[in-house]
Each structure stands twice: as C-alpha cells, then as structure tokens.
Amino acid sequence: MHDLTLARIIHIVAVVVWIGGVYMVTTVIIPAIKRMKIKENKIDTFEKIEGRFSNHAKVATLLTAITGFYMIYKLNAWDRFESIRFWWMHAMVIIWLIFTLILFFLEPFLLHKIFKKFAQENPEKTFNIMHRAHWVLLILSIITIIGAIAGSHGWYFF
C-alpha cells in the first residue's frame with residue numbers, strides 16, 4: 001500500500017505544480033503583460049516566462065499521467081470509467097489530454113508560430129484571446145479538481 005500512497009503524493013504535487021502554474025499565468029502574468037506599454041516587450045516577456053514554465057508543466061503532466069494510470073492499475077479501478085458517478089475520472093483524463101496535446105504538440109509545432117505572428121500584428125487582441133483560453137482551461141481544471149476531491153472522499157454528485 002505504500003506504493004499507492006507514494007503515487008498519490010506525487011500525483012497531487014504534480015497537479016498542484018501544473019494547475020497552480022496555469023492559475024499564476026492566467027490570473028497574474030497575462031494581466032501584467034497586457035498592461036505593458038511596448039508590444040515587443042509583451043511578446044518577449046510572455047515567451048520567456050511561458051517557455052520556462054512549459055518545461056515544468058511538461059514534467060508535471062507526465063508525472064500526473066504515470067501516477068494516475070498506476071493508481072488505476074493497482075486499484076483495478078478501470079470500471080469507474082463505466083459509471084457517470086465517477087465523472088471526475090473522465091474529466092481528469094480529458095483535462096490531462098487537452099494540456100498534453102497543447103504542451104507537447106500544438107504549442108511547439110503550431111501555436112508558438114501563430115501567437116508570434118498575430119501578437120506582432122495585434123498584441124491586444126492576441127493576448128485577450130489567449131487570456132480567455134487560459135480562463136476556460138483553468139475553470140475546467142478547477143471543476144475537475146473539486147470533483148476529484150469530493151468524489152475520492154465519497155461525495156458524489158450523481
């Protein structure tokens with residue numbers, strides 16, 4: 001059972017780092033950058049901060065996946081995905097999948113280029129769109145965290 005406890009500890013710490021970073025970017029960094037006067041400074045500042053956090057987020061999402069699937073395997077909890085009662089299990093996988101696609105595929109191969117191009121043309125609109133997207137992901141993540149905490153302690157909504 002110690003292996004499950006260790007997996008849960010790593011899992012929760014990884015989620016805190018990952019979603020905590022999303023919270024920081026969404027509520028502090030993007031608003032601060034949007035208030036900057038010089039558009040080149042906005043782009044450079046965001047890319048420097050985002051680039052450094054991206055590596056942390058990648059490690060955190062990998063640890064989240066490894067420990068999450070390990071716990072499901074060890075607990076033989078696959079049947080939870082067959083019940084709406086465990087909706088938060090589905091939500092965790094979906095949130096993880098969205099962020100993994102963004103961090104490992106969309107951002108490095110597509111979004112980085114698109115962001116730079118549009119930020120040069122219209123930084124205000126670009127940062128507003130990006131800010132809204134971050135808010136959507138953050139809200140979905142927080143709903144998922146609330147559901148996971150409640151559900152793992154026997155408080156089911158369905």
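Keep in mind it's a predicted model, so treat the numbers as computed, not measured. Heavy-atom basis, side chains included; hydrogens, waters and symmetry copies ignored.
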Does the side chain of [X] reach to within under 4.5 Å of the side chain of [Y], using non-hydrogen atoms?
| X | Y | value |
| --- | --- | --- |
| M89 | M92 | yes |
| F81 | F86 | no |
| S54 | L103 | yes |
| K116 | E47 | yes |

Given V93 and H90, is the side-chain contact (heavy atoms from CB on, under 4.5 Å) satisfied, shown in steps? CA-CA 5 Å; V93 173; H90 303 86; 6.0 Å; no

From [X] [atom1] over to [Y] [atom2], what is the distance, rounded to the nearest 0.5 angstrom?
| X | Y | atom1 | atom2 | value |
| --- | --- | --- | --- | --- |
| L140 | W135 | CG | CH2 | 12.5 Å |
| H112 | I114 | NE2 | CD1 | 11.5 Å |
| I49 | D44 | CD1 | CG | 11.0 Å |

[X] atom [atom1], over 12 foreign heavy atoms within 6.0 Å:
| X | atom1 | answer |
| --- | --- | --- |
| W155 | CH2 | no |
| Y73 | OH | no |
| Q120 | CD | yes |
| Y23 | OH | no |

Would you sort out whether L138 and H134 count as a side-chain contact (heavy atoms from CB on, under 4.5 Å), showing the intermediate values? CA-CA 6 Å; L138 178 60; H134 275 81; 6.0 Å; no

Provide the closest heavy-atom pair for [X] versus [Y] in the form atom of the first, atom of the second, distance.
| X | Y | result |
| --- | --- | --- |
| F99 | S141 | CE1-OG, 3.6 Å |
| D79 | N76 | OD1-O, 3.8 Å |
| A60 | W18 | CB-CB, 3.7 Å |

On the six-membered ring of F104, is K58 placed so that its NZ or CZ lies under 6.0 angstrom from the centre and within 45° of the ring axis?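 Pair K58/F104 counts as cation-pi.
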
Consider only side-chain N and O atoms of T67 and H11, and report whether a donor and an acceptor are under 3.5 Å apart.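 On atom types as modelled, these side chains qualify, holding a pair under 3.5 Å.
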
Ignoring hydrogens and angles, tell me if any N or O in the side chain of W96 forms a donor-acceptor pair with the backbone of T64 under 3.5 Å.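 Side chain of W96 to backbone of T64, a donor-acceptor pair under 3.5 Å: no, none is there.
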
Would E124 and K42 count as a salt bridge (Lys or Arg N to Asp or Glu O under 4.0 Å) if you check the C-alpha gap in whole Å, the side-chain angles of each, and the deciding distance to 0.1 Å? CA-CA 10 Å; E124 187 175 328; K42 289 181 180 186; 5.9 Å; no

Full working for side-chain contact (heavy atoms from CB on, under 4.5 Å) between K125 and F118: CA-CA 8 Å; K125 183 178 179 183; F118 286 110; over 6 Å; no

For a side-chain contact (heavy atoms from CB on, under 4.5 Å) check, start with the C-alpha distance between Y70 and D3, then their side-chain angles and the critical distance, and finish with the verdict. CA-CA 10 Å; Y70 178 77; D3 60 329; 2.4 Å; yes

Hydrophobic clustering (ILVMFWY, side-chain heavy atoms < 4.5 Å, transitive) - are I84 and I95 grouped together?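 Yes: a chain of side-chain contacts under 4.5 Å links I95 to I84.
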
Which residue, I19, I12, V17, V13, forms the side-chain contact (heavy atoms from CB on, under 4.5 Å) with V15?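 In the set I19, I12, V17, V13, the residue that makes a side-chain contact (heavy atoms from CB on, under 4.5 Å) with V15 is I19.
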
Could you list the residues that satisfy ring pair (Phe, Tyr, Trp, His ring centres under 6.0 Å) with F115, not counting sequence neighbours?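 Only F46, F127 meet the ring pair (Phe, Tyr, Trp, His ring centres under 6.0 Å) criterion with F115.
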
